[in-house]
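Here is how names work: the chains are called A, B, and so on, in the same order as the sequence lines, proteins then strands, and each is numbered from 1. Atoms considered below: every heavy atom in the structure, side chains included; atoms not considered: hydrogens, waters and symmetry mates.
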Amino acid sequence: MSIGYACLAVGVPESEMKSLTLSKVSEKTLLDTSRINLAHLKNLLIYTTANNLKLFRISSDLIPFGSSDANTLPWWEVFAENLLELGKLATESGIRLSMHPGQYTVLNSPRPEVVTRAIADLVYHARVLTSMGLGNEHKIVLHIGGAYGDKVEASKRFVATYLTLPQGVKDRLILENDDKLFTISEVLAIAREVGCPVVFDNLHHKINPSKEWLSDLQWIEACAPTWKGKDGKQKIHYAQQDVRKRPGSHSPTISLEPFLLFHEALPARDIDIMLEVKDKNISALKCMHATQGGTVEQLGEQWLKYKPLVTERDPEKIWKVEDLLKDAADGQVVSLAFYRLLEKNLSLEVFRSQAEITATSIAEKCIQSPAEERRITKRIAEYKQAQIPLEKLKQSIMNMANKHRVDEVLTSYYPMM
DNA sequence: CACCGTCAAGTCGCA
DNA sequence: TGCGACTTGACGGTG
């Protein structure tokens, strides 16, 4: 079983996708931005490989305006070599890639111009994966679209349009239940009609359940036959609700115990799980290590990145974690204990005075001029007097870390909580 | 430097 | 009927 993350990695320098606004589009800006994004994707794949992750979703932002008339570049030719190299990197590392056009790609719209653009967008996504030399098990995830007051008609339109898609798109397309309109049973009905694999999303299903009452496991089993040999392993999406936000919002991180319960209930056969969560790779590593074990080295590396978050709560707790890792002859055994202890410590309240000390010591690594020192000292004082939230202080420190490329700070999880 | 409104995509749902 | 929410960085303007 592979556990994956989507589009971006926290704490990986030079990995973010740049975008353009329409007013800035030109041949030069398109070329420059595409080149940067491809280089950043390479960094993401290197990171994914180094951390032994096997599932990753490529951001649709890879090629700016990739499916729009605003971009007339034959980018797949201009960057043919780069794309092939990236695909090779993924293939050699056994990484399964995917893409996921957003909410604005609507195949079943009654407006023909919307449908035309949606098809162009799917062609763009398929072209990225194909240009990378990847097989059809590297998929494109799509929702059914709008309901327009008549889901039956909307479903019929989806099917009709699906049938007109280029084969290269059909070969990669997989369909997902959404959190508002099309339930898992409705998606399954459409998918069976057109012969397309289905991705079960547990959170969408929780919020937008079908009238048939089956368990998550039963729905996953119902989706299983839609996956044929050429499609690769069955994929599902797993997410948890952010309790502070509207229904459907992804949680900041994956809470371990509910994930473990979900995981234990999964079928014995091999399934790929794409996590949808704000902290991306951080949760992917947590869930992977917790269920499949991590080496002492892997856990130690994670611990260094989490450490300042524990320090700003209660520095005394550091020793317990370090003792656990020190006594660990076998990383497999302590992985679960490590992440459970970590979660427990991270659930503690931040201590303002400790957060101040932590911020000071991290800022010290980044400061390179008296002016910077004055600015950060001022920000820390503002935080001390509760004039700004900790988040803002961290942002200032991270801006400086970014400016001076302070890797130790940039790769830590310090700004995440 | 920090902050804020706007943009760009399509649909839904609430005044 | 019209506009806010959804998403997120880029961008331009202000303080």
Quiz prompt | A/Y339/A/W303 aromatic ring centres below 6.0 Å | solution = no
Exercise. Compute the ring centroids of A/H143 and A/H100, then answer whether they are less than 6.0 Å apart.
Key: yes
Practice problem: Write down the distance between NE2 (A/H250) and P (C/dA5), rounded to a whole number of angstrom. | Solution: 19 Å
Self-check item: Phosphate-side-chain proximity, A/R246 and C/dG4, N/O vs OP1/OP2 below 4.0 Å
Solution: no
Quiz item: Which whole-number value in Å describes the distance from A/L30 CG to C/dA10 P?
Solution: 15 Å
Practice problem: Using the P atom as the reference point in each nucleotide, state the distance between C/dT1 and B/dA8 in Å, no decimals. | Solution: 25 Å
Self-check item: Axial cation check for A/Y383 ring with A/R352, 6.0 Å and 45° limits
Solution: yes
Quiz item: Can you check whether A/M416 reaches A/I282 side chain to side chain, under 4.5 Å on heavy atoms?
Solution: yes
Quiz prompt | Distance between C1' atoms of C/dG9 and B/dT11 (Å, rounded) | solution = 23 Å
Practice problem: Specify the separation, in whole Å, of atom CD1 of A/I388 and atom P of B/dA2. | Solution: 10 Å
Exercise. Assign A/S68 to base, sugar-phosphate, or nothing according to its heavy-atom contacts below 4.0 angstrom with the strands shown.
Key: nothing
Self-check item: A/K151 NZ: over 12 foreign heavy atoms closer than 6.0 Å
Solution: yes
Quiz item: Are any of A/R379's side-chain N or O atoms less than 4.0 Å away from OP1 or OP2 of B/dC1?
Solution: no
Quiz item: Rounded to whole angstroms, how far apart are CG on A/L22 and P on C/dC11?
Solution: 12 Å
Exercise. Give a yes/no answer on whether the side chain of A/N399 brings an N or O atom under 4.0 Å of OP1 or OP2 in B/dA2.
Key: yes
Quiz item: Across the strands shown, which category fits A/K392 at heavy-atom distances under 4.0 angstrom: base, sugar-phosphate, nothing?
Solution: sugar-phosphate
Quiz item: Do A/T130 and A/W76 come within less than 4.5 Å of each other through their side chains, counting heavy atoms only?
Solution: no
Quiz item: A/H143 NE2 to C/dC6 P: how many Å, rounded?
Solution: 16 Å
Exercise. Taking only the side-chain heavy atoms of A/T21 (C-beta and beyond), determine which of C/dT7, B/dC7, B/dT11 contains the nearest atom.
Key: B/dC7
Quiz item: Which comes earlier along DNA chain B counting from the 5' end, the contact point of A/R111 or that of A/S396, where each point is its nearest nucleotide?
Solution: A/S396
Quiz item: Can you check the A/N208 CG to B/dT11 P distance for me, whole Å?
Solution: 18 Å
Quiz prompt | Atom-pair distance (CD on A/Q395; P on B/dC4), nearest Å | solution = 12 Å
Quiz item: Would you say a side-chain N or O of A/Y104 is under 4.0 Å from OP1 or OP2 of B/dT11?
Solution: no
Quiz prompt | For atom CD of A/E16 and atom P of C/dA10, their distance in whole Å | solution = 8 Å
Quiz item: So what does A/A147 hit on the nucleic acid, given a heavy-atom distance under 4.0 Å: a base, only sugar-phosphate, or nothing?
Solution: sugar-phosphate
Practice problem: State whether A/R117 places a side-chain N or O below 4.0 Å from either non-bridging phosphate oxygen (OP1 or OP2) of B/dG10. | Solution: yes
Self-check item: B/dC4 to C/dA5 separation - P atoms, rounded to the nearest Å
Solution: 16 Å
Practice problem: Kindly say if A/K24 contacts the phosphate of C/dG12, meaning a side-chain N or O under 4.0 Å from OP1 or OP2. | Solution: yes
Quiz item: Looking at A/S23, does any N or O in its side chain come under 4.0 Å of the phosphate oxygens OP1/OP2 on B/dC7?
Solution: no
